[in-house]
Amino acid sequence: MNTTEIKGNWNELKGKLKQKYAELTDDDLMFAEGKQDELLGRLEQKLGKSKDEIKKMIAEL
């Protein structure tokens, strides 16, 4: 899943992530243009997973 696909489906993906990981907040999942690395960094810290693991997890949703 590339960045364009993620942006297009972000509300749906955000809901699925919040269901799977209850500790995530709206602030953690804020997706802003050009801030993909910041989002991945927040998720990396919050979930204790690597960026590659997070990208794979999002792609599998």
Side-chain angles (χ1 to χ4, degrees):
M1 182 171 282
N2 64 37
T3 303
T4 303
E5 290 172 321
I6 291 173
K7 285 190 320 191
N9 298 319
W10 186 243
N11 286 332
E12 182 181 341
L13 291 171
K14 184 167 60 170
K16 288 179 180 181
L17 285 169
K18 286 171 71 175
Q19 285 177 350
K20 191 169 182 175
Y21 301 98
E23 67 270 19
L24 295 176
T25 65
D26 285 334
D27 286 343
D28 293 328
L29 297 171
M30 199 177 309
F31 186 86
E33 189 70 37
K35 300 277 185 167
Q36 294 90 347
D37 287 335
E38 185 179 318
L39 170 67
L40 290 173
R42 283 195 307 262
L43 293 177
E44 190 175 15
Q45 284 183 323
K46 197 82 169 205
L47 301 176
K49 297 182 181 286
S50 72
K51 286 183 183 179
D52 289 335
E53 289 173 314
I54 291 169
K55 287 178 183 179
K56 182 179 177 190
M57 176 186 65
I58 290 171
E60 292 174 349
L61 289 177

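Keep in mind it's a predicted model, so treat the numbers as computed, not measured.
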Does some side-chain heavy atom of [Y] sit less than 4.5 Å from a side-chain heavy atom of [X]?
| X | Y | answer |
| --- | --- | --- |
| K46 | L24 | yes |
| K49 | L43 | no |
| E60 | K56 | yes |
| L17 | K14 | no |
| E12 | L61 | no |

Pairwise distance CG(N11) to NZ(K16) - rounded to 0.5 angstrom:
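Result: 12.5 Å between the selected atoms.
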
Note to self: Does E23 have more than 12 heavy atoms from other residues, nucleotides or ligands lying within 6.0 Å of its CD?
What the structure shows: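 Counting other residues, nucleotides and ligands, CD of E23 exceeds 12 neighbours.
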
The single option from L39, L13, N9 passing side-chain contact (heavy atoms from CB on, under 4.5 Å) against I58: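 Filter result, single survivor: L13.
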
Smallest heavy-atom separation, I54 atom then E44 atom, equals CD1-N, 3.2 Å

Requested in this report: Might you point out which heavy atoms bring K51 and D37 nearest each other, and give the distance in Å?
Outcome: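 Result for this residue pair: NZ-O, 4.3 Å.
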
Ionic contact status for K18 with D26, cut-off 4.0 Å: yes

* To do: Output yes when a side-chain donor or acceptor of E38 lies under 3.5 Å from a complementary backbone atom of K35, and no otherwise.
  => no

| Under 3.5 Å, is there a donor-acceptor pair between the side chain of W10 and the main chain of M30? |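 Answer holds: no.
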
